[in-house]
Amino acid sequence: MLPNEIFEKLRSVYSDQIIELIENHPSDSFITVNASALFEICHSLRDEAFFMFDYLMSLTGMDLGENLGVVYHLYSMQLKHKIVIKAFVPKEQPKVPSVERIWRTADWHEREAYDLIGVNFEGHHNLIRILLPYDWEGYPLRKDYTAPEMYHGMKVS
Amino acid sequence: MIQYFKNVWSGLSSTFLGMYITFKHLFVKKVTIQYPDQRFTLPDNARNRLKLEMERCNGCNSCVVACPVNCITLETVRVSPEDPHQEVHHNGNPRKMWVTRYEIDFAKCCYCGLCTQACPSDAIQHTQEYEYSSYKREDLYYKFQTLSPDQVAEKHRMYAELKAKDKPAKAEGATEEKKAKPEEKKEKEQ
Amino acid sequence: MGLLNKLDDPYDGGGIILGKVEELLNWGRSKSDWYLHFGLACCAIEFMAMNASHFDFMRFGTIPRTSPRQADFIMVTGTVTFKMADRIKVLYEQMAEPKYVISVGSCSNCGGPYWEHGYHVLKGVDKIIPVDVYIPGCPPRPEAFEEGMMKLQEKISHQAIFNKRKRLGIE
Amino acid sequence: MSEKKRLDLEYSQLDSDRMRLNVGPQHPSTHGVLRLEVEIDGEIVTEVIPHLGYLHRSFEKHCEKMTYPQIIPYIDRMDYISAMNNEWPYVMALEKMLDIKVPEKVEYIRVIVAELNRIANHQIAVATFGLDAGAFTPFLFFFRDREYIIWILEKLSGARLLYNYFRVGGLAGDTYPSFKEECLNVIEKVRKTNAEVMDLLIYNRIFIQRTANVGILTPEVAVNYACSGPVLRGSGLRYDLRKDEPYSIYDRFDFEVPVGKGEVGFVGDCWDRNIVRMQEMEQSCRIIEQALAQMPETGDVKANVPKRIKPPKGEVYMRTENPKGDLGFYIVSNGTDKPERLKARGTSFVNLSVIPEISKGYMFADLILILGSIDIVLGEVDR
């Protein structure tokens with residue numbers, strides 16, 4: 001299925017929750033969706049017979065200045081098609097519904113995005129830091145991040 | 001019961017097969033390189049310690065730009081035409097820049113070879129030398145500049161004179177920038 | 001090497017070794033170093049290659065130990081992060097004296113490629129434990145490991161055991 | 001008598017307490033600096049909590065500070081066992097963005113070096129897995145042969161482990177005259193050793209007893225956890241990016257995708273994952289042979305690429321089949337010579353996340369085997 005067909009299908013069900021489809025060759029075309037409806041959209045993307053996106057390739061958190069973004073790369077093992085879903089949330093309240101219950105692989109990906117970017121995934125059963133120490137402060141992949149002076153008595157930079 | 005004997009047989013046979021293979025290897029040619037006495041011949045493009053040929057280097061800064069880890073410190077000064085000390089490059093062209101400082105921290109270097117590819121005159125090259133471990137980290141900080149400290153001071157003075165002479169010189173900005181960059185890095189390092 | 005060279009000594013037609021007890025002890029110490037393998041990153045793969053057939057590290061009298069209590073020296077092979085730094089300190093403290101440290105590769109020498117922007121990388125293992133030999137390279141060739149090992153052996157064989165002032169470098 | 005009764009009563013009232021054990025981070029058989037917090041009930045593992053990040057080297061932060069060619073050395077250091085394979089998706093993503101067609105010869109050399117590196121990677125994987133199971137000899141055999149592969153790659157690129165050989169639109173250098181013969185020589189050696197290891201290790205009775213029916217990963221769980229590579233194929237799913245969406249020139253070669261069949265136990269156990277690796281080595285040999293025969297003798301090794309690589313604004317997600325699974329790079333470009341965001345989908349990172357799921361209910365000693373059969377590299381897990 002091509003991205004515009006997926007877009008039309010999603011649009012017919014979720015109307016205004018699906019914001020836009022951006023096609024810009026050579027980059028991959030992606031669908032922007034409303035973060036609040038993300039969980040339902042992902043659920044139907046996995047379960048509907050014409051989508052069957054059972055394989056979450058990658059989940060990326062992004063810092064876009066004012067907003068934080070979450071990017072989902074989906075793939076279907078049976079139908080062999082792909083789609084990219086994006087959701088943006090404001091930096092002050094970065095709340096995104098967790099898709100961990102849909103694709104179990106999202107568990108660690110979401111923890112990583114929380115760890116490095118600071119996206120808050122609501123409904124995640126164990127949202128703690130994964131790569132950095134548990135007592136680390138700040139989210140290093142944000143553009144305005146400055147590393148702390150010291151950590152446990154060791155100089156950082 | 002039959003299964004039991006089958007299991008015993010398969011256990012024994014696989015053990016003896018393994019032993020046979022191991023035994024066969026007693027007569028295989030030995031591959032160990034007796035290191036301090038024998039050495040493996042490295043290929044020509046082996047990427048080990050860097051060397052700098054000063055007569056080739058024209059201080060163009062492209063190695064510093066190419067280096068991903070910023071382990072090269074380069075500082076250049078424009079050659080004053082009144083300087084009695086003039087040099088020519090290996091290809092006969094007169095030297096335009098004095099390299100007053102060229103230092104590589106081999107503790108930081110990641111031996112990626114990007115600087116050697118960026119160099120337009122093949123001044124910086126990888127060598128076959130890999131045995132240079134040291135007791136102190138400072139010993140891994142190599143200084144390649146050939147000018148003595150006195151000479152460096154002299155060159156800087158000459159350049160300052162030159163700059164004072166023709167203030168609206170065009171090339172001033174460029175050299176100034178190049179000089180400023182390594183100093184910045186030095187500060188960061190400290 | 002060392003003591004055995006003295007066999008050629010003209011004393012009593014050879015066959016007798018005259019030397020200090022210290023030399024004998026140092027000879028023994030330097031020729032049977034047991035190490036705690038502390039593989040962290042890329043250098044650990046070269047370290048495995050060095051332990052295998054082509055380079056055979058055990059020719060130098062070294063035996064890999066998995067416990068710090070039995071180790072004479074520790075080879076820090078790879079990037080030390082802050083999360084790992086505490087563990088290295090603990091392991092080093094558990095080792096019995098005299099103990100030595102070999103820092104292998106750019107990363108453990110001074111942070112290596114990560115020295116500038118690596119917010120989670122310790123800039124050199126010598127910030128937390130004293131290092132005896134630095135082996136440069138990213139990763140070093142297996143021969144370079146062995147050369148570093150020889151450097152350490154040389155250091156051990158020239159150490160003063162009984163004279164504490166000399167050992168600590170106090171004149 | 002009464003004393004014994006009292007003791008019996010006391011013991012029966014004792015709650016068999018669960019114990020928490022720490023495996024790692026410094027542990028000889030964790031394949032790197034991984035810490036596993038294991039809860040065991042007697043000898044049975046009831047819960048595994050992996051703690052990562054002991055090798056978190058801030059790769060993604062570095063990528064935002066570097067120009068595109070400077071990132072390649074850092075990508076090598078991600079999965080340091082198969083550096084050639086790592087560089088490939090990255091340069092392919094940039095080539096897609098910049099719309100560069102690479103020369104024919106480059107494609108062939110890329111395939112050859114990537115497959116050579118795949119063999120080297122699987123050799124380490126099987127060798128260390130053998131170590132975990134208590135077999136030391138295959139380790140020596142494999143590392144001896146791996147050295148020959150490394151010598152070829154060293155002659156091409158100049159380094160032994162972290163090659164930095166791929167460039168955007170080409171390669172760092174051309175092949176050398178005796179390249180073909182040496183490759184064929186190595187293939188012969190690899191096949192010979194593989195045949196020996198098959199007898200010595202894989203079909204050894206002890207090894208089968210140790211690994212069969214251990215760590216069974218069902219296909220549904222594997223897909224849900226987005227596993228890939230030999231871990232997924234060991235579960236019986238024929239999913240290989242080289243076949244499914246052939247990138248580069250993989251559609252020109254004739255090779256098979258080995259899957260786990262459950263020869264000695266259930267499908268998807270440790271033994272299956274291991275035999276898949278062994279068979280993949282053979283398939284890689286076949287690909288190299290075909291590529292060597294088809295490779296054009298002469299040709300450029302670099303396409304026409306602008307000196308400063310500045311991809312247009314946009315984003316691309318490119319994935320290839322790494323020895324460990326599918327490795328993806330998500331590059332967001334903002335039109336400058338530095339990426340806005342670069343995310344690496346670490347294969348081992350995803351494959352490792354299945355550990356808590358598949359190690360429950362097995363013995364504690366089996367946990368190490370399960371970990372070994374996943375074949376992780378911590379540089380890629382933590383990045």
Side-chain angles (χ1 to χ4, degrees), chain B residues 22 25-26 28-43 46-50 64 66-73 104-115 126-142 181 184-190, chain C residues 1 42-43 46 49-60 79 100-118 121 123-127 130-156 158:
Chain B
T22 324
H25 273 259
L26 279 178
V28 172
K29 198 171 160 256
K30 289 175 188 65
V31 291
T32 308
I33 301 166
Q34 301 288 336
Y35 162 64
D37 309 323
Q38 269 178 359
R39 257 155 236 257
F40 174 63
T41 44
L42 300 186
R47 297 207 306 258
N48 289 304
R49 193 169 73 185
L50 289 160
V64 180
C67 183
V69 296
N70 285 337
C71 66
I72 306 175
T73 313
I104 301 179
D105 193 347
F106 282 110
K108 283 172 192 158
C109 180
C110 74
Y111 305 86
C112 59
L114 289 175
C115 51
H126 282 289
T127 59
Q128 313 271 323
E129 176 66 35
Y130 52 84
E131 302 147 300
Y132 54 108
S133 58
S134 66
Y135 295 125
K136 281 194 213 124
R137 198 164 89 191
E138 293 82 62
D139 295 349
L140 295 176
Y141 195 81
Y142 280 56
K181 214 179 165 189
E184 250 176 45
K185 237 171 269 152
K186 209 188 146 203
E187 278 166 19
K188 252 188 231 165
E189 203 178 305
Q190 291 156 353
Chain C
M1 278 283 284
C42 334
C43 298
E46 287 294 66
M50 186 188 63
N51 272 311
S53 335
H54 271 275
F55 300 99
D56 193 11
F57 195 38
M58 285 188 199
R59 286 183 295 126
F60 290 85
T79 319
Y100 304 93
V101 180
I102 298 184
S103 152
V104 179
S106 291
C107 288
S108 57
N109 284 350
C110 71
Y114 307 96
W115 72 273
E116 208 175 356
H117 309 296
V121 177
K123 312 298 180 303
V125 73
D126 51 0
K127 292 234 164 41
V131 175
D132 292 286
V133 179
Y134 295 89
I135 303 177
C138 194
R141 295 183 61 81
E143 291 101 319
F145 280 78
E146 294 174 339
E147 196 248 339
M149 182 63 221
M150 278 152 63
K151 271 254 166 71
L152 182 68
Q153 285 182 342
E154 202 182 301
K155 179 172 184 165
I156 293 172
H158 288 110

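Heavy atoms only: backbone and side chains are in, while hydrogens, waters and symmetry mates are out. Below, chain A is the first sequence line, B the second, and so on; all start at residue 1.
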Handout entry: N/O donor-acceptor pair under 3.5 Å between B/Y35 side chain and C/F57 backbone
Key = no
Completion exercise
In terms of heavy-atom contacts, C/P113 and B/V69 come closest through CA-CG1, 3.2 Å
Problem - Gap separating the CH2 atom of C/W115 from the SG atom of B/C110, nearest 0.5 angstrom - result: 12.5 Å
Problem - Neighbours of chain B found in residues 134-144 of chain C - heavy atoms under 4.5 Å - result: C/Y134, C/I135, C/P136, C/G137, C/C138, C/R141, C/E143, C/A144
Exercise for the section: Pick whichever of B/R49, B/Q34, B/R39 has the most heavy-atom pairs under 4.5 Å with chain C. Expected result: B/Q34
Problem - For the student: nearest non-hydrogen atoms of C/E147 and B/S133, plus distance - result: OE1-OG, 3.0 Å
Fill in the blank from the handout: Here the gap from C/C110 atom SG to B/D105 atom CG, rounded to the nearest 0.5 Å, amounts to 5.5 Å
Fill in the blank from the handout: Shortest non-hydrogen pair, C/N109 vs B/R137, comes out as O-NH1, 2.7 Å
Exercise for the section: Please list, chain by chain and in numerical order, all residues satisfying side chain to side chain contact (heavy atoms under 4.5 Å, CB included) with B/E138, sequence neighbours excluded. Expected result: B/K136
Practice task
Work out which heavy atom in C/S106 is nearest to a heavy atom in B/Y111; give both atom names and the distance.
Solution key: OG-CE1, 4.3 Å
Practice task
Keeping the roles fixed (side chain from B/T32, backbone from C/H54), state whether a donor-acceptor pair exists under 3.5 Å.
Solution key: no
Practice task
Identify which part of B/D139 has an atom lying under 4.5 Å from any heavy atom of chain C, answering side chain, backbone, both or neither.
Solution key: neither
Fill in the blank from the handout: The interface call for B/C109 against chain C, heavy-atom contacts under 4.5 Å, is backbone
Practice task
With side chain to side chain contact (heavy atoms under 4.5 Å, CB included) as the test, would you mind laying out the steps for C/D132 and B/Y135 before giving the verdict?
Solution key: CA-CA 6 Å; C/D132 292 286; B/Y135 295 125; 5.7 Å; no
Exercise for the section: Would you mind checking which part of B/I33 comes under 4.5 Å of any heavy atom in chain C, side chain (CB onward), backbone (N, CA, C, O), both or neither? Expected result: both
